[in-house]
Structure formats: structure tokens, C-alpha cells
Amino acid sequence: MRIIDLRSDTVTKPTPEMYEAMRNAPLGDDVFGDDPLPQELERLAADKLGKEAALFVPSGTMGNLLAVLCHTQPGDGAILEATSHTFVFEVGGIARIAGVLPHVVRGVRGFMAPSAIEEQVCHGDLHRVRTSLLCIENTHNLAGGIALTPQQVETMASTARHHGMAVHLDGARVFNAAVALGVDVRALTRPVDSVMFCLSKGLGCPIGSVLCGPKEFIDKARRQRKLLGGGLRQAGVVAACGIVALNTMIDRLHEDHTHARLLAERLSQIEGVQIDLSTVQTNMVYCRLPQKFQPETEVTFQRGDVVVKAVAITAEQVRFVTHKDISREDVERAGEVVAASLQKSGD
Ligand SMILES: Cc1ncc(COP(=O)(O)O)c(C=O)c1O
């Protein structure tokens with residue numbers, strides 16, 4: 001059976017260079033502060049994203065939660081886009097663990113208009129919370145993998161700053177955004193106070209994300225990471241992959257974007273499949289298919305001994321994600337398999 005796994009870019013396996021780096025990693029104990037590679041990774045990440053300091057964390061979810069914990073006080077409010085990952089898919093940690101009230105703004109393709117942000121700002125008078133944080137997502141996953149431009153990020157961030165709020169960027173795929181827009185990633189991170197990006201997605205690492213921001217904020221986040229159980233010991237085994245990823249895996253992301261576009265074009269030619277091609281800007285393809293699905297479940301399409309895997313995000317929307325372990329030939333084959341399998345189910 002040949003499986004073309006397009007469920008997510010999280011399914012990627014380490015590269016040969018990553019396996020080599022893991023094997024040769026000099027190790028210490030990162031909680032004691034003497035594991036060299038997490039520190040090297042943190043320096044490299046902070047430098048690449050133009051921030052003072054960084055913290056290696058086990059997951060993007062933990063990185064976002066740490067940011068909320070460190071930018072707010074329990075009982076504050078935070079503004080998030082209504083379909084943002086932090087609001088929709090992070091088990092409500094912002095409310096449950098950070099004790100922060102989410103205020104949601106319905107964005108347009110991930111962009112929250114200044115007036116919509118301002119409508120949600122509360123200044124902590126007798127009856128209200130103090131809204132102390134704005135969270136932005138780039139690329140915006142549920143909007144289709146949309147890459148928000150530096151101008152859009154700056155517009156949202158300056159609105160928040162004007163009201164004394166901090167700004168956190170969920171940049172799980174911020175390098176995809178930078179590559180798609182042809183800009184230095186710093187153009188997307190400069191307007192925000194903190195940014196989390198994932199190593200474990202398009203960059204191909206097995207585990208890990210990095211939270212970047214001012215030194216004082218990162219010192220605080222290190223302590224909160226321990227509180228959440230995220231202090232890792234021989235973290236260098238996985239940080240080794242992160243270093244390889246930052247040095248070698250960013251520039252190739254455009255291949256994933258080309259593959260996503262090709263897949264979208266192929267799928268859009270199938271009768272009954274609806275895709276807004278203008279949303280296919282990075283490595284994701286969201287489409288509507290003729291049948292309904294159980295949300296949040298795997299969807300498979302089969303033809304002969306080839307299986308294509310995707311994910312139903314909602315009952316109507318299926319998502320395909322390209323990544324480093326998917327070739328052009330896989331994409332072409334996937335298009336044929338989906339077409340044949342929908343044709344069969346329509347017969
Ligand atoms: C936009 C976005 N933010 C955060 C996360 C969370 O990352 P993790 O799965 O590492 O917790 C994801 C995961 O898919 C994501 O797509």
C-alpha cells in the first residue's frame with residue numbers, strides 16, 4: 001500500500017542530516033542549564049526572528065500558552081481572531097490555565113480590521129476586564145494558510161499598541177508566510193512583542209517549537225514552562241534537529257507552496273469540488289467536497305493500492321497540506337486518486 005499523507009505538515013520525518021545531528025548531539029541537562037544545543041538553537045532562533053531571546057518548547061500549543069501567561073494577569077482579556085488556532089484548537093488553555101477572557105474578532109482572511117479590534121478593547125473599569133493582549137496568526141491556518149503581509153501585521157499590532165496592549169504572533173508557519181511573500185521573516189515579526197514558530201511542521205523536525213521575545217519575557221516564560229511540565233532534560237537530542245531545520249529547511253518551503261498550488265488546480269478541475277484558489281498561498285489546500293464528513297477526522301481516498309490521506313476540518317471542508325515528504329509526482333498521483341475516488345462514490 002502506498003500512502004500519500006497530506007493530513008498535515010506535522011507528519012514529516014527527520015532528514016538524514018537531522019538523524020546524524022541527533023546521533024552526534026553533545027548532551028547535558030537543559031533544566032540545569034548545561035545542555036549546549038537548546039541554547040544554540042535559542043540563540044539562532046532569536047537572531048533569525050530579530051528578537052532578544054528565545055525558549056525551546058515542546059509544542060506550539062505550549063509556546064502560545066506561555067506567551068499568554070507572560071503577557072497577561074489572570075482576569076485580563078485577550079483579543080483573538082475567531083478562527084485562530086489558539087481560540088479553536090488549544091483546548092481553551094488561555095481561559096482554563098491562564099485565566100484570560102478571550103474576546104474574538106471575526107477577521108477577513110485572518111486579518112482583523114483596526115475598528116473590529118478596537119470594538120473589543122476594554123480598559124478595566126468597574127465592570128470590565130482589562131484587555132492586555134492581541135494574538136495574531138500567520139500563516140492563518142483555518143483561513144487557508146493565508147500569508148498576512150508585513151503591512152497587515154503592522155496595522156493590527158499598532159492598533160493594539162495604541163491601546164497599551166502587548167502583541168503575540170502565533171507564527172507556527174511564519175517561515176511559510178515569509179517565503180510566500182518573498183520577505184525577510186523579520187518584516188513579519190518586527191511589529192510584534194513575541195512570536196512562536198514551530199519546528200515540527202514544514203521545517204521537518206520531529207518535535208518542538210520556539211518562543212521568541214524580549215529577554216525579561218523569555219526569563220519569565222522559562223519559569224512558566226517548568227510550571228507546565230515543559231522543562232526537558234537532554235533536550236539537545238531534538239534541539240539538534242531544530243538547528244539543522246533553521247539552517248537548511250526554510251529556503252525549500254517554496255516547493256511545498258508550488259505543490260499545494262498544483263494540487264489545488266488539479267482538485268478544482270474535479271466535478272463537485274470547490275476551492276477558492278486565491279486562498280492557496282502557502283502549503284495548504286482547503287476544499288469543499290460533495291459529501292459531508294465527521295469534523296476533525298481523517299479522510300481517505302483510495303484507488304488501487306494508493307491511499308491519499310487528508311483531514312476533515314469541518315463537516316464540509318477538507319484540508320490537504322503539502323510538505324517536504326511529498327513530491328510533485330505524489331501531488332499528481334493524489335489528484336488522480338481523489339478524482340477517481342469521488343467519481344466512484346458519485347456513481
Ligand atoms: C497555527 C497553529 N498554531 C499552533 C499550533 C499548535 O502546534 P502544536 O501542534 O505543536 O501544539 C498549530 C498546529 O497545527 C497551528 O496550526
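Hydrogens, waters and symmetry mates play no part in the numbers below; they use all other heavy atoms, side chains included. Note that the structure is predicted; figures quoted are calculated from it, not measured. Whatever order the structure lists ligands and atoms in, that order sets their numbers, starting from 1.
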- Query: Any chain of hydrophobic side-chain contacts (each under 4.5 Å) joining Leu263 to Val273?
  - Reply: yes
- Counting only heavy atoms not in Arg252, do more than 12 sit closer than 6.0 Å to its CZ atom? yes
- Note on the structure: re atom 14 (O) of ligand 1, the protein heavy-atom contact at minimum distance is Lys201 CE, 3.1 Å
- Tell me, which protein residue and heavy-atom name are nearest atom 12 (C) of ligand 1, and how many Å apart are they? His85 NE2, 3.2 Å
- Query: What are the atoms of ligand 1, with element, lying closer than 4.0 Å to any heavy atom of Asn64?
  - Reply: 4 (C)
- What protein heavy atom sits nearest atom 10 (O) of ligand 1, and how far off is it? Gly60 N, 2.8 Å
- Task: Consider only side-chain N and O atoms of Ser194 and His71, and report whether a donor and an acceptor are under 3.5 Å apart.
- Result: yes
- Task: Could you tell me whether Lys215 and Asp219 have a side-chain N and a carboxylate O separated by less than 4.0 Å?
- Result: yes
- Query: Does Thr139 reach ligand 1 with a nitrogen or oxygen that is under 3.5 Å from one of the ligand's nitrogen or oxygen atoms?
  - Reply: no
- Quick look: Ser59 vs ligand 1, heavy-atom contacts under 4.0 Å, and the answer is both
- Message: What's the separation between atom CD in Gln291 and atom CG in Leu289, rounded to the nearest 0.5 Å?
- Response: 6.0 Å
- Counting both backbone and side chain atoms, is some N or O of Thr10 under 3.5 Å from an N or O of ligand 1? no
- Message: Checking a contact table here: which protein heavy atom is nearest atom 16 (O) of ligand 1, and how many Å away?
- Response: Arg173 NH1, 2.8 Å
- Query: Are side-chain N/O atoms of Arg319 and Asn141 paired as donor and acceptor at under 3.5 Å?
  - Reply: yes
- Query: For ligand 1, does Thr61 get within less than 4.0 Å through its side chain, its backbone, both, or neither, judged by non-hydrogen atoms?
  - Reply: both
- Donor-acceptor contact present, side-chain Glu298 to main-chain Arg7, <3.5 Å: no
- Message: Counting non-hydrogen protein atoms only, what is the nearest one to atom 3 (N) of ligand 1? Give residue, atom name and distance.
- Response: Asp170 OD2, 2.6 Å
- Message: Among all the protein's non-hydrogen atoms, which is closest to atom 1 (C) of ligand 1, and how far away is it?
- Response: Glu137 OE2, 3.4 Å
- Query: So Phe175 and Phe197, would you call those rings parallel, tilted or perpendicular, with 30° and 60° as cut-offs?
  - Reply: perpendicular
